[in-house]
Amino acid sequence: MSAGSDGPVIGEGDAPEMSAEELAEQLRAAADLAITIAREGAQEKEAELWARYRELTKGRREQRKR
């Protein structure tokens, strides 16, 4: 498993003597970061969808008023 250009691979690198607790903490931190990024992306997408919905319903309301 590779982290690509985003960062180091968990469990590899300068500390091969890393304890299981340290490795677990790194994994938790990476998971927390991934969750945060996913939530931000979901919130942005939700905002875009609601803006589009309001745009579409506004057009329908204007058509009904005529």
Side-chain angles (χ1 to χ4, degrees):
M1 190 159 72
S2 168
S5 63
D6 294 341
V9 175
I10 294 175
E12 292 184 1
D14 298 334
E17 65 280 346
M18 185 181 305
S19 71
E21 291 82 19
E22 291 171 325
L23 180 58
E25 183 55 38
Q26 282 190 2
L27 290 170
R28 277 188 213 100
D32 287 343
L33 178 60
I35 290 168
T36 299
I37 291 170
R39 283 181 179 152
E40 289 171 357
Q43 288 172 345
E44 290 174 10
K45 186 64 176 178
E46 183 180 19
E48 291 172 12
L49 291 172
W50 277 113
R52 180 71 177 136
Y53 172 78
R54 285 189 297 275
E55 181 182 316
L56 291 171
T57 57
K58 178 182 176 184
R60 288 185 194 144
R61 275 187 251 127
E62 289 174 356
Q63 288 176 352
R64 279 188 260 155
K65 288 181 182 179
R66 293 183 199 168

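Keep in mind that what you see is a predicted model, and the values were worked out from it rather than measured.
- Contacts of Leu27 classified as side-chain contact (heavy atoms from CB on, under 4.5 Å), with partners at least two apart in sequence or in another chain: Ile10, Leu23.
- Here CD of Gln26 is found 12.5 Å from CD of Glu21. Values are rounded to the nearest 0.5 Å.
- By the salt bridge (Lys or Arg N to Asp or Glu O under 4.0 Å) test, Glu55 pairs with Arg52, sequence neighbours left out.
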Residues 33-40 side chain polar contacts: donor-acceptor under 3.5 Å, at least two apart:
residue : atom : partner : partner atom : Å
Thr36   : OG1  : Asp32   : O            : 2.9

